[in-house]
Amino acid sequence: PIVTGTFDPPHIQHTAPLLGSLEELEGRGITNPFLLVPHSRNTDKTPVATLSERREWLLDTVDFFADRVAHRVKVCIGIGEPGEPYLYDLPETLQKRLLRIAGSDKGGKIKNGHIDTFFVEREIDMSSTRVKQLMAMTGSHPDLKLTLAPKVLADILAREYYRKAA
């Protein structure tokens, strides 16, 4: 299973597809690792944090909010780098072997190509855009402590990321 996104920054809602799909996937006999694919290809926004930072933050986020699946999570390195191939650049035969997991809010926004997509309902109303808005407004909104892993929040505050309005 693959979970893709900009993950800028990763937050509790990014773990929902992992936890929400676990039982369903195991019921289908799928026990492969979850592959998280942070990327820079997003027509709607340009990431603030580097891919390296976002990869590290993803692992912190999964460890903090989804520790029961952390042993099954791998964070991809390479896919999504500028100039590197992306999921839709793969041959159709490979795309058909993939299963993407996505939050239900992404329903009409994901380019699927030949990739089977399993949608998981959102449990809370949070997005990376909302995190950026809260950071720009106050820099220390209480919701940030509930939605970001402590290491991620500390890094963001130390680097003064997202201090401008999203």
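- The shortest non-hydrogen separation linking Leu153 to Met135 is CD1-SD, 4.4 Å.
- Residues meeting the side-chain hydrogen bond (donor to acceptor under 3.5 Å, both in side chains) test with Glu53, sequence neighbours left out: Thr50, Arg159, Tyr161.
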Is there a side chain to side chain contact (heavy atoms under 4.5 Å, CB included) between Met137 and Leu134? Walk through the geometry before answering.
CA-CA 5 Å; Met137 287 188 320; Leu134 293 172; 3.5 Å; yes
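- A heavy-atom distance below 4.5 Å is not found between the side chains of Thr6 and Ser128.
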Tell me, with the steps shown, if Ile12 and Leu146 meet side chain to side chain contact (heavy atoms under 4.5 Å, CB included).
CA-CA 8 Å; Ile12 190 172; Leu146 300 174; over 6 Å; no
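- With contacts defined as side-chain heavy-atom distances shorter than 4.5 Å, the pair Val62/Phe34 does not qualify.
- For the pair Leu22/Arg68, a side-chain contact is recorded, criterion being any heavy-atom separation below 4.5 Å from C-beta on.
- At a threshold of 4.5 Å between non-hydrogen side-chain atoms, the residues Leu36 and Leu18 count as touching.
- Dense packing is recorded around CD of Glu26, with more than 12 heavy atoms of other residues, nucleotides or ligands lying under 6.0 Å away.
- Residues passing the ring pair (Phe, Tyr, Trp, His ring centres under 6.0 Å) test with His11 are His14, sequence neighbours excluded.
- By the 4.5 Å heavy-atom criterion applied to side chains, Tyr162 and Pro9 are counted as neighbours.
- With rounding to the nearest 0.5 Å, the separation of CG in Leu157 from CG in Leu144 is 8.0 Å.
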